[in-house]
Amino acid sequence: MGIYAIGTIGVRASSFLLIPLYAHFLPASQYGLLATLLTAIQVMVMVMDVGSGKAITRFAGEHRIGELVGGCLLISIVNSVIVTGVAVLLLTSSVARDGHQSSILPEVILSCIAALSQSLFHNTMSQYRVRNQPFRHLVGSASAGAILYVLSWLLLVILHFGVRSVILSQIVAYSSLAIVAARSLRAEGGIGVSRPVIKRLLRYGLPLVIVLTGPFLTDLASLLYLGRFCSLETVAVYSLGYKIACMAGMFVILPFQTAYEPFVYARIDRPQTPAVIARLLSHLMLCVSFVAFGIAFVGRDLLAIIAPSGYSASYPIILLTLPLIAFSGMSFIGESLLTIRNKPHITGAVVAGVTACAVLTGYWTVRHWGMYGALSMVAMSYIGTALLLMWLGMKTFRIPLERKRLTASACMLVLFLAASFLMSAGKGHISYVVSPFLVAGGVIFVYFGMLNFREREAIRRVIGQARQGLGTAGT
């Protein structure tokens with residue numbers, strides 16, 4: 001998970017490092033437009049491969065990897081034609097425009113191409129996860145992040161291409177690395193296309209389309225509503241705070257997902273697997289609590305560094321969004337329980353129902369409450385999906401939930417965020433004095449109050465090995 005985290009953070013960090021460029025070199029209205037298009041790209045990526053990308057890790061032990069990847073690539077390329085047509089019709093009429101633009105058609109078409117390049121990149125890179133080659137995955141992900149940052153800086157700051165510079169950079173970065181990964185797969189067995197494999201990919205992936213796109217659809221709807229009822233400047237402020245809060249998912253949830261799937265699916269038949277999943281859920285929630293506090297602690301100062309003063313209203317959005325990251329992790333565990341029993345259609349139905357309710361309700365809430373209305377519809381999606389998937393997943397594949405640990409983690413998260421809010425209202429030096437004591441108290445409570453003897457012994461053993469390794473390196 002740690003190795004995958006570095007690769008995931010490499011790509012995501014490049015996107016985050018680009019925020020100062022967006023905030024300082026794009027007007028707020030253009031940044032709002034860009035945030036909407038980038039969210040639309042994420043939706044299109046999921047729809048283009050029709051959920052078949054997740055099937056690569058699920059069926060890697062039953063089919064040749066080259067056939068699985070080849071099938072996903074063919075599905076993405078064919079489906080991209082349909083997605084592009086639908087996107088042009090919907091986005092050109094629903095996305096709010098900057099006052100100086102008469103049409104956003106070129107930006108929408110470029111966004112569709114960028115979505116295809118990302119889909120091809122993720123499908124070809126999945127071979128390294130299946131083959132347990134995390135370092136290759138790390139190199140590919142870090143390379144994508146580096147290329148994306150350099151090209152965006154060149155096109156935006158030097159050549160002044162505006163919104164198009166970011167989208168063009170994505171096309172070049174992801175498509176070039178997808179070609180490199182495909183050549184690597186070809187050298188290790190080749191890419192093939194099999195009709196039975198494609199049918200199985202579609203049969204498995206179709207119910208997951210809504211599962212994968214549900215959160216992004218809610219995010220996209222919230223930005224579209226804000227652009228319609230408020231302004232693109234409001235979209236920019238909301239999007240910046242939301243993106244900073246989602247760093248918690250970048251540091252914890254995404255690496256956890258990357259390592260969790262092949263680890264658990266390879267051990268489905270083992271009797272200890274339910275207890276292992278329950279323990280992983282408890283540790284995941286614990287990690288989210290500490291990471292969320294770290295982001296809340298640096299959030300206000302970070303805003304002052306990366307964005308002009310007009311974005312200061314993003315900080316409350318950060319604090320209110322961070323608890324939702326924990327629910328996204330819970331949703332993933334619930335989804336995996338249903339997937340173990342090959343019931344992705346239940347997951348799809350849950351996410352579809354909750355997403356529809358959130359989007360419909362959001363039309364009213366955003367219209368009356370602005371940014372906080374948008375956040376309320378996102379919260380409805382995250383919380384509703386997590387609770388329903390966990391409830392249904394537990395009925396399908398029961399795990400012994402560690403309720404005391406989960407409750408303690410939730411209380412710590414609320415305490416940390418409340419303390420961050422109170423400290424943000426005072427003088428800056430207060431937070432730097434109080435925060436270390438809060439973290440130290442949390443660590444002591446976890447070590448002596450939540451971990452059992454075997455876990456504490458394991459931690460001491462890891463620390464001892466680390467010290468021994470450092471001592472050997474020093475000599």
Side-chain angles (χ1 to χ4, degrees), residues 39 42-55 57-59 200-222 225 246 249 252-254 256-258 260-261 264-265 268 273-274 277-278 280-282 284-285 288 321 323-365 374-401 403 406 410:
T39 306
Q42 296 305 310
V43 174
M44 289 189 285
V45 169
M46 304 301 178
V47 176
M48 281 182 182
D49 69 5
V50 202
S52 60
K54 290 182 72 68
T57 55
R58 180 65 181 84
F59 299 121
R200 191 168 191 186
L201 291 173
L202 292 173
R203 188 163 54 248
Y204 179 86
L206 278 172
L208 294 178
V209 173
I210 295 298
V211 177
L212 298 173
T213 59
F216 293 108
L217 281 173
T218 307
D219 293 344
L220 179 60
S222 65
Y225 290 157
C246 287
V252 182
I253 304 297
L254 288 177
F256 177 83
Q257 290 177 343
T258 306
Y260 174 92
E261 287 181 330
V264 170
Y265 293 152
I268 292 176
T273 296
I277 294 176
L280 289 174
L281 174 60
S282 300
L284 176 64
M285 295 299 105
V288 170
T321 303
L324 302 181
I325 305 302
F327 285 100
S328 70
M330 190 182 300
S331 296
F332 176 74
I333 296 295
E335 175 195 340
S336 71
L337 299 180
L338 292 167
T339 303
I340 287 173
R341 297 303 188 198
N342 291 318
K343 293 185 177 181
H345 58 282
I346 297 179
T347 308
V350 169
V351 176
V354 174
T355 301
C357 291
V359 170
L360 292 174
T361 305
Y363 187 87
W364 185 89
T365 59
L375 193 57
S376 69
M377 67 177 285
V378 174
M380 179 186 297
S381 174
Y382 274 84
I383 297 173
T385 301
L387 296 180
L388 285 174
L389 286 181
M390 280 301 299
W391 178 61
L392 294 171
M394 289 283 290
K395 287 181 172 294
T396 304
F397 188 86
R398 191 163 189 83
I399 61 174
L401 287 179
R403 301 182 187 277
L406 293 175

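Basis for what follows: all heavy atoms, side chains included, without hydrogens, waters or symmetry-related copies.
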*Derivation of the side-chain contact (heavy atoms from CB on, under 4.5 Å) call for Ile277 and Ile340*: CA-CA 12 Å; Ile277 294 176; Ile340 287 173; 4.0 Å; yes
Rounded to the nearest 0.5 Å, what separation is found between the [atom1] atom of [X] and the [atom2] atom of [Y]?
X      : Y      : atom1 : atom2 : answer
Phe397 : Thr339 : CZ    : OG1   : 11.5 Å
Phe216 : Gln42  : CZ    : CD    : 5.0 Å
Met380 : Leu375 : CE    : CG    : 12.0 Å
Asp219 : Thr39  : CG    : OG1   : 6.0 Å
Met377 : Thr361 : CE    : OG1   : 8.5 Å
Ile333 : Ser328 : CD1   : OG    : 10.5 Å

*asked:* Under the criterion side-chain contact (heavy atoms from CB on, under 4.5 Å), I'd like the reasoning laid out for Val288 against Ile253: C-alpha separation, chi angles, the key distance, then a yes or no.
replied: CA-CA 8 Å; Val288 170; Ile253 304 297; 4.0 Å; yes
Between [X] and [Y], which heavy-atom pair has the shortest distance, and what is it?
X      : Y      : value
Tyr382 : Phe327 : O-CB, 3.9 Å
Val354 : Gly384 : CG2-C, 4.1 Å
Ala358 : Thr218 : CB-CG2, 4.4 Å

_Using only atom types and a distance under 3.5 Å, with no angle test, would you say the side chain of Thr355 pairs donor to acceptor with the backbone of Ala352?_
no
*Give a yes or no answer on whether the side chain of Tyr225 reaches the backbone of Val359 with a donor-acceptor pair at less than 3.5 Å.*
yes
*Does the side-chain contact (heavy atoms from CB on, under 4.5 Å) test come out yes or no for Tyr260 and Leu280, once each step is laid out?*
CA-CA 9 Å; Tyr260 174 92; Leu280 289 174; 3.9 Å; yes
Just list the side-chain donor-acceptor pairs under 3.5 Å for residues 385-396, sequence neighbours left out, or say none.
{"residue": "Thr385", "atom": "OG1", "partner": "Ser381", "partner atom": "O", "Å": "2.7"}
{"residue": "Thr396", "atom": "OG1", "partner": "Leu392", "partner atom": "O", "Å": "3.0"}

*Which is it for Leu337 and Arg341 under the side-chain contact (heavy atoms from CB on, under 4.5 Å) test, yes or no, and what are the steps along the way?*
CA-CA 7 Å; Leu337 299 180; Arg341 297 303 188 198; over 6 Å; no
